Amino acid sequence: MIESEKEHKNKRVLSGMRPTGRLHIGHLVGALQNWVKLQNQYECFHFIADWHMLTTDYMDTSELEDNRFQMILDWLACGLDPNRSTLFVQSSIKEHAELHLLLSMITPLGWLERVPSYKEMRENLADKDLNTYGFLGYPLLQSADILMYKADFVPVGEDQVPHVELTREIARRFNFTYGRNRTEAVFPEPQALLTPVPRLPGTDGRKMSKSFGNDIKLSDDPAIVEKKILPMVTDPARKRRQDPGNPDICPVFDYHKAFSTEATQGWAAHGCRTAEIGCIDCKHGLLKHLLPVLEPIAASRRELEAHPEAVREVLDAGNKTARHVAQATMDEVRKAMRL
Ligand code: TRP
Ligand code: SF4
């Protein structure tokens with residue numbers, strides 16, 4: 001067994017995901033495949049970050065409930081196993097709100113204002129009014145999520161690393177302010193576990209996102225997947241079949257890297273550079289590897305969809321386990337703060 005696959009069942013992993021509804025292959029490659037692996041090595045907690053969704057999407061909550069349900073279906077269909085991972089809903093564990101409030105007392109405004117996503121998202125999501133208290137505090141809510149479970153590792157994408165960094169600072173400040181002495185830290189400092197995969201672009205080459213309509217959903221039928229892949233954006237240098245291209249700048253090749261065998265990747269890269277294959281051949285080569293990955297996920301999803309009450313039971317059980325841990329942490333926190 002190689003070092004990185006050893007079991008560390010005494011170490012805890014925690015991560016959350018905003019309930020955006022049906023997930024896409026970017027979520028699969030960027031997070032879920034990794035979460036599924038981690039459950040063999042660590043004690044894992046994963047939650048549906050529905051309060052986080054409100055920090056940007058507070059104006060329209062009509063789809064929140066269905067989005068939560070669609071997301072847990074995808075999680076389970078991808079192989080997250082409720083017997084090995086605790087799967088729960090953030091808004092079901094009210095302790096997160098209490099810890100967020102208490103941590104807010106010791107958090108300097110400057111720490112929140114300088115989180116890079118704060119400025120960036122306010123500019124990028126200009127159609128939403130994000131001049132809110134909740135939006136400024138959202139990385140701190142994330143700190144509360146992480147510290148509540150005393151997580152050792154937080155598997156996240158690069159964009160989230162500053163939030164884990166903030167969490168470490170908050171943990172230090174709390175321990176320093178309320179810990180009885182240095183050896184009795186209430187909160188351990190979590191570490192980000194960077195997911196070792198490149199981001200998958202959308203079918204138009206931009207960031208993959210539901211709002212751009214350029215995503216391939218885990219629940220798409222094979223016919224739909226084909227309909228989305230075949231017209232995909234490629235290297236624009238390949239205007240005609242005989243023009244050679246560069247796979248390194250082609251979104252289709254990013255998909256090959258995520259789903260195809262080395263042999264197929266070699267075939268595609270060579271065929272592209274020499275114009276021995278056309279883009280349609282290349283895309284059919286990709287589909288041969290992509291569809292068999294999606295097929296069992298779709299089958300499992302259909303099965304789960306037919307038993308919504310069993311899916312709800314999974315979350316009820318996960319909530320119960322999570323609440324138990326959260327209550328114990330809050331007892332410690334209140335005691336440390338003399339509340
Ligand atoms: N902020 C994360 C995102 O937007 C989701 C999230 C909320 C999270 N709480 C978390 C991730 C705690 C890891 C740990 O993707
Ligand atoms: Fe992209 Fe493949 Fe066409 Fe090359 S052959 S441009 S890698 S789709």
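As the structure is a computational prediction, the values presented were derived from the model and not from experiment. When reading the values below, keep in mind they use all heavy atoms of this one structure, side chains included, and skip hydrogens, waters and symmetry mates. Remember, it's 1-based here, ligands and their atoms both numbered in the order they're listed.
Every atom of ligand 1 is numbered from 1 in the order shown, and the set under 4.0 Å from a heavy atom of Tyr138 is 1 (N). Using a 4.0 Å cut-off to heavy atoms of Cys250, the atoms of ligand 2 that qualify are 1 (Fe), 6 (S), 7 (S), 8 (S). Of all atoms in ligand 2, numbered sequentially from 1 with element shown, those under 4.0 Å from a heavy atom of Cys279 are 3 (Fe), 5 (S), 6 (S), 8 (S). Atoms of ligand 2 lying under 4.0 Å from at least one heavy atom of Cys272, given by number and element, are 4 (Fe), 5 (S), 6 (S), 7 (S). Short contacts between ligand 1 and Ile146, defined as distances under 4.0 Å to a heavy atom of the residue, involve ligand atoms 12 (C), 14 (C). For ligand 2 and Asp235, the ligand atoms under 4.0 Å from any heavy atom of the residue are 6 (S). Atoms of ligand 2 found under 4.0 Å from any heavy atom of Val252 (numbered from 1 in listed order, with element): 8 (S). Listed by number with element, the atoms of ligand 2 under 4.0 angstrom from any heavy atom of Arg238 are 5 (S), 6 (S). Residue-ligand proximity, His52 to ligand 1, at heavy-atom distances under 4.0 Å covers atoms 7 (C), 9 (N). Residue contact check: Val154 has heavy atoms under 4.0 Å from atoms 13 (C), 14 (C) of ligand 1.
Using modelled atom types, one finds no donor on one side chain facing an acceptor on the other under 3.5 Å when comparing Asp235 with Asn246.
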Margin query: Please determine whether ring-ring contact (aromatic ring centres under 6.0 Å, His included) holds for the pair Tyr118 and Phe135, giving the CA-CA distance in whole Å, both sets of side-chain angles, and the decisive distance to 0.1 Å.
Written below: CA-CA 8 Å; Tyr118 180 60; Phe135 183 66; 5.7 Å; yes
Check: Going through the distances and angles, do Phe88 and Tyr149 end up as a ring-ring contact (aromatic ring centres under 6.0 Å, His included)?
Finding: CA-CA 12 Å; Phe88 68 100; Tyr149 301 91; 5.2 Å; yes
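For atom 5 (C) of ligand 1, the closest non-hydrogen atom of the protein is Gly16 O, 3.6 Å. Nearest protein heavy-atom contact of atom 9 (N) of ligand 1 is Asp145 OD2, 2.7 Å. In terms of protein heavy atoms, atom 4 (O) of ligand 1 is closest to Arg18 NE, 3.1 Å. Closest to atom 15 (O) of ligand 1 among all protein heavy atoms lies Gln160 NE2, 3.7 Å. Looking from atom 12 (C) of ligand 1 to the surrounding protein, the closest heavy atom is Gln142 CG, 3.6 Å.
Salt bridge Asp129/Arg122: absent, no basic N to carboxylate O contact under 4.0 Å. In this structure, Asp281 does not pair ionically with Lys283, as no charged nitrogen and carboxylate oxygen lie closer than 4.0 Å. Salt-bridge formation is detected for the pair Asp57/Lys128: a Lys NZ or Arg NE/NH1/NH2 atom is positioned less than 4.0 Å from an Asp or Glu carboxylate oxygen.
In Leu141, neither the side chain nor the backbone holds a heavy atom less than 4.0 Å from any atom of ligand 1.
In this structure, CG in Leu64 is found 7.5 Å from CE in Met53, a value given to the nearest 0.5 Å.
Following chains of ILVMFWY side-chain contacts shorter than 4.5 Å, one cannot reach Val115 starting from Leu194, and the two form parts of different hydrophobic clusters.
At least one N, O or S atom of Cys282 sits under 2.8 Å from atom 2 (Fe) of ligand 2.
By the 6.0 Å and 45° rule, Arg18 stacks over the aromatic ring of Tyr138.
Of the possible polar contacts, none joining the Asp221 side chain to the Ala223 backbone as a donor-acceptor pair under 3.5 Å is found.
Here the closest heavy-atom approach between residue Thr203 and residue Lys228 is recorded as CG2-O, 3.8 Å.
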